[in-house]
> 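Once you've had a glance at the structure underneath, I'll fire off some questions.
Scope of the values below: all heavy atoms of this structure, side chains included, with no hydrogens, waters or symmetry mates.
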Amino acid sequence: MSTSIDRVCATPAALAFIGELRRRHGPLMFFQSGGCCDGSAPMCYASGDFGLSDTDVYLGNLDGAPFYMGIEQFGYWEHTQLVIDVVDGNGGMFSLDNGTGRRFLTRSRLFTDEECALLRSLPVQQGF
């Protein structure tokens, strides 16, 4: 088994869309929404346009764009790998995908018992 497990990854279609948004807006970042208005959509922002707190958890990068979620939500999702995809539809109100006719979507898969054991041995990166 690999010694590195990605907590978040993206489909080829999502990676292509990230590239398009980066060309339009510059460096990007993501935050996994857990709010009411946009449901549980992965929100894409220009780097620095979303204020992170020291209780947000860094999950990894999507083609160089850091991806975060709140620590409370992480408690529910820590046993799953987030797979970011893109589908037709309207993006979140504040997300850069809004107005493009496409939106990011979070899919997930449960980590295996072996992957969970390895992830428990690694520190969770909080803050920014």
> So, F31 versus Y68, ring centres under 6.0 angstrom or not?
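Here the rings of Y68 and F31 have centres that are no less than 6.0 Å from each other.
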
> Locate the shortest heavy-atom distance separating I84 from A14; write the atom from each residue and the value.
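Minimum heavy-atom separation between I84 and A14: O-CB, 3.3 Å.
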
> Only one of H79, R109, R120, R7 clears side chain to side chain donor-acceptor pair (under 3.5 Å) with E115; which?
R109

> Following the transitive rule for hydrophobic clusters with a side-chain heavy-atom cut-off under 4.5 Å over Ile, Leu, Val, Met, Phe, Trp and Tyr, establish whether I71 and W77 coincide in one cluster.
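Same cluster: I71 reaches W77 through Ile, Leu, Val, Met, Phe, Trp or Tyr contacts under 4.5 Å.
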
> Check D56 against G70 and note the closest heavy-atom contact, atom names and distance.
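Closest heavy-atom pair between D56 and G70: OD1-CA, 3.5 Å.
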
> Could you pull out all residues at least two apart from F30 that satisfy ring-ring contact (aromatic ring centres under 6.0 Å, His included)?
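Expected list: F67, F104.
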
> Rounded to the nearest 0.5 Å, how far does NE2 of H25 lie from CD of E20?
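Answer rounded to 0.5 Å: 10.5 Å.
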
> Could you tell me whether a side-chain N or O of R24 sits under 3.5 Å from a main-chain N or O of L96, the two making a donor and an acceptor?
no

> Using every non-hydrogen atom in the two residues, find where C44 and L21 come nearest and quote the distance to one decimal.
SG-CD1, 4.1 Å

> Between Q73 and M69, what is the shortest heavy-atom contact and its length?
C-SD, 3.9 Å

> Between D63 and R22, is the closest basic N to carboxylate O distance under 4.0 Å?
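A salt bridge links R22 with D63.
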
> Determine, stepwise, if the pair Y45 / L28 fulfils side-chain contact (heavy atoms from CB on, under 4.5 Å).
CA-CA 6 Å; Y45 300 96; L28 305 173; over 6 Å; no

> What is the minimum heavy-atom distance between L62 and C9, and which atoms define it?
CD2-C, 3.6 Å

> Test side-chain contact (heavy atoms from CB on, under 4.5 Å) on F94 and M43; report intermediate values, then the result.
CA-CA 7 Å; F94 301 108; M43 305 291 282; 4.2 Å; yes

> Can you see which heavy atom on S53 is nearest to which on T55, and at what distance?
OG-OG1, 2.9 Å

> Return the set of residues passing side-chain hydrogen bond (donor to acceptor under 3.5 Å, both in side chains) with E78 (not counting sequence neighbours), or none when no residue passes.
none

> Are M29 and M93 connected in a single hydrophobic cluster, I mean Ile/Leu/Val/Met/Phe/Trp/Tyr linked by side-chain heavy atoms less than 4.5 Å apart?
yes

> Answer whether the closest heavy-atom distance between the side chains of L59 and L82 falls below 4.5 Å.
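Yes, at least one pair of side-chain atoms sits under 4.5 Å.
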
> With no hydrogens and no angle check, is any side-chain donor or acceptor of T100 less than 3.5 Å from a backbone partner on R102?
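Yes; at least one donor-acceptor contact below 3.5 Å.
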
> Can you check whether S95's main-chain N or O pairs, donor with acceptor, with N98's side chain at less than 3.5 Å?
no

> For T106 and Q32, test the side chains for any donor-to-acceptor distance below 3.5 angstrom and give the result as yes or no.
yes

> Can R107 and D85 be counted as an ion pair, charged N to O under 4.0 angstrom?
yes

> Under 4.5 Å between side-chain heavy atoms, hopping through other hydrophobics if needed: is there a path connecting L122 to F111?
yes

> Does any non-hydrogen side-chain atom of Q81 lie less than 4.5 Å from one of V8?
no

